[in-house]
Amino acid sequence: MSKPIRAALAGLLLPACVFMVTPAQVRAQTPAPLLTAQAYGDQLTNALIGTTPATFGARRQVGASTLSPFPMRIRLGALLAPRVKFDGGVDFTLSGVHLLPSCSTRIDADAIISANFGGLNTLIPITFDQVYSKGVITGNRLYIGGGIGPYIGNVTRLGGKVFAGVDLTSHIGIEATLHFAGVGDTLFAVQARLGG
């Protein structure tokens, strides 16, 4: 067969061979798409900890909450009676500890401070409290409680207090307290309770 004839046949057969490749064969030969960064991170997470990213996130949140066995709240406000004074404090809830049924235990420390021309006068109550709380339909938490402990001032005396409050959100609440300092007038304070 002469070279011109072979060249003509090759020109006819080559397009036919190309069109004989089916779309399925083309798809089979197409490389798989590369993993996105997120998908690669998910697979790496699964390989390292044997769980899904969502489960890992949940475990991380649980772990974070267990780091604080004694939740702390900060209280800022004022003593309103018998005279206006600054009243700030902190309280720690002892999880799983209670003396009375259905109550929780709280340790409070306050600083009731007044300043005048005679100088600075500070009363520091430290009380061991029992707190009863109940949720309401609106989602807020109401609570009442009382406690006793030393009231440290010019003279340290055993005193006590009763209080009631409401948690407006998970991080903000309002608390009203009556202090019985062991001597003198009953003290009435209102504070914002922050934290959680």
Side-chain angles (χ1 to χ4, degrees), residues 49 51-52 54-114 121-196:
I49 64 175
T51 186
T52 65
T55 306
F56 174 70
R59 288 182 181 177
R60 182 173 57 187
Q61 291 176 357
V62 170
S65 65
T66 58
L67 292 178
S68 179
F70 310 117
M72 184 188 78
R73 303 288 288 266
I74 297 173
R75 286 176 284 109
L76 298 172
L79 192 74
L80 301 180
R83 289 174 296 278
V84 175
K85 302 178 181 181
F86 171 79
D87 186 2
V90 296
D91 59 69
F92 299 88
T93 299
L94 305 183
S95 303
V97 178
H98 60 86
L99 299 180
L100 300 176
S102 302
C103 290
S104 59
T105 295
R106 205 174 88 177
I107 304 296
D108 290 11
D110 281 85
I112 301 172
I113 303 172
S114 63
N121 186 20
T122 304
L123 178 66
I124 301 177
I126 301 174
T127 57
F128 181 89
D129 311 326
Q130 293 294 286
V131 184
Y132 173 79
S133 62
K134 186 172 183 62
V136 294
I137 296 176
T138 58
N140 304 109
R141 184 180 72 99
L142 303 175
Y143 61 91
I144 58 173
I148 60 173
Y151 277 62
I152 304 169
N154 295 330
V155 178
T156 299
R157 294 181 172 86
L158 181 66
K161 70 177 184 178
V162 293
F163 54 88
V166 56
D167 287 336
L168 304 176
T169 71
S170 59
H171 300 290
I172 300 174
I174 299 292
E175 185 171 298
T177 305
L178 286 174
H179 291 276
F180 308 96
V183 67
D185 297 323
T186 300
L187 312 177
F188 174 67
V190 175
Q191 296 171 303
R193 191 163 176 257
L194 311 173

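When a residue number appears, it is its place in the shown sequence, counting from 1.
- Taken to the nearest 0.5 Å, the CG atom of Asp87 stands 9.0 Å off from the CG atom of Leu80.
- Closest approach of Ala176 and Phe188 over heavy atoms only: CB-CE1, 4.1 Å.
- Listed here is the closest heavy atom pair of Arg75 and Val90: NH2-O, 3.0 Å.
- Not one N or O on the side chain of Glu175 forms a donor-acceptor pair closer than 3.5 Å with the backbone of Phe163.
- Atom CZ of Phe128 sits about 5.0 Å away from atom CD1 of Ile107, to the nearest 0.5 Å.
- Rounding to the nearest 0.5 Å places CG of Leu194 at 6.5 Å from CD1 of Ile172.
- Here Leu168 contributes atom CG and Arg141 contributes atom CZ; the two are 11.5 Å apart, rounded to the nearest 0.5 Å.
- In this structure, CD1 in Ile112 is found 10.5 Å from CZ in Phe86, a value given to the nearest 0.5 Å.
- Not one N or O on the side chain of Tyr151 forms a donor-acceptor pair closer than 3.5 Å with the backbone of Thr127.
- The two residues Ile174 and Ala192 have their closest heavy-atom pair at CD1-CA, 4.2 Å.
- When each of Asp91, Leu94, Thr93, Asp108 is tested with Asp129 by the rule side chain to side chain contact (heavy atoms under 4.5 Å, CB included), just one qualifies, namely Asp108.
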Inset, instruction - Give the intermediate values and the outcome of side-chain contact (heavy atoms from CB on, under 4.5 Å) for residues Val162 and Ile144. - result: CA-CA 8 Å; Val162 293; Ile144 58 173; over 6 Å; no

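- In plain terms, the two heavy atoms of Gly149 and Leu158 that are nearest each other are O-CD1, 3.6 Å.
- Remark: Ile148 CD1 to Gln130 CD distance equals 10.0 Å, nearest 0.5 Å.
- Within the 4.5 Å cutoff, no side-chain heavy atoms of Ser114 are placed close to those of Arg83.
- Put simply, the side chain of Leu123 reaches to within 4.5 Å of the side chain of Leu187, judged on heavy atoms.
- Closest of all the heavy-atom pairs between Tyr132 and Cys103 is CB-SG, 4.0 Å.
- A cation-pi contact links Arg193 to Tyr143, judged by a cut-off of 6.0 Å to the six-membered ring centre and 45° from its axis.
- Heavy-atom minimum distance, Gly89 versus Gln191: N-NE2, 4.2 Å.
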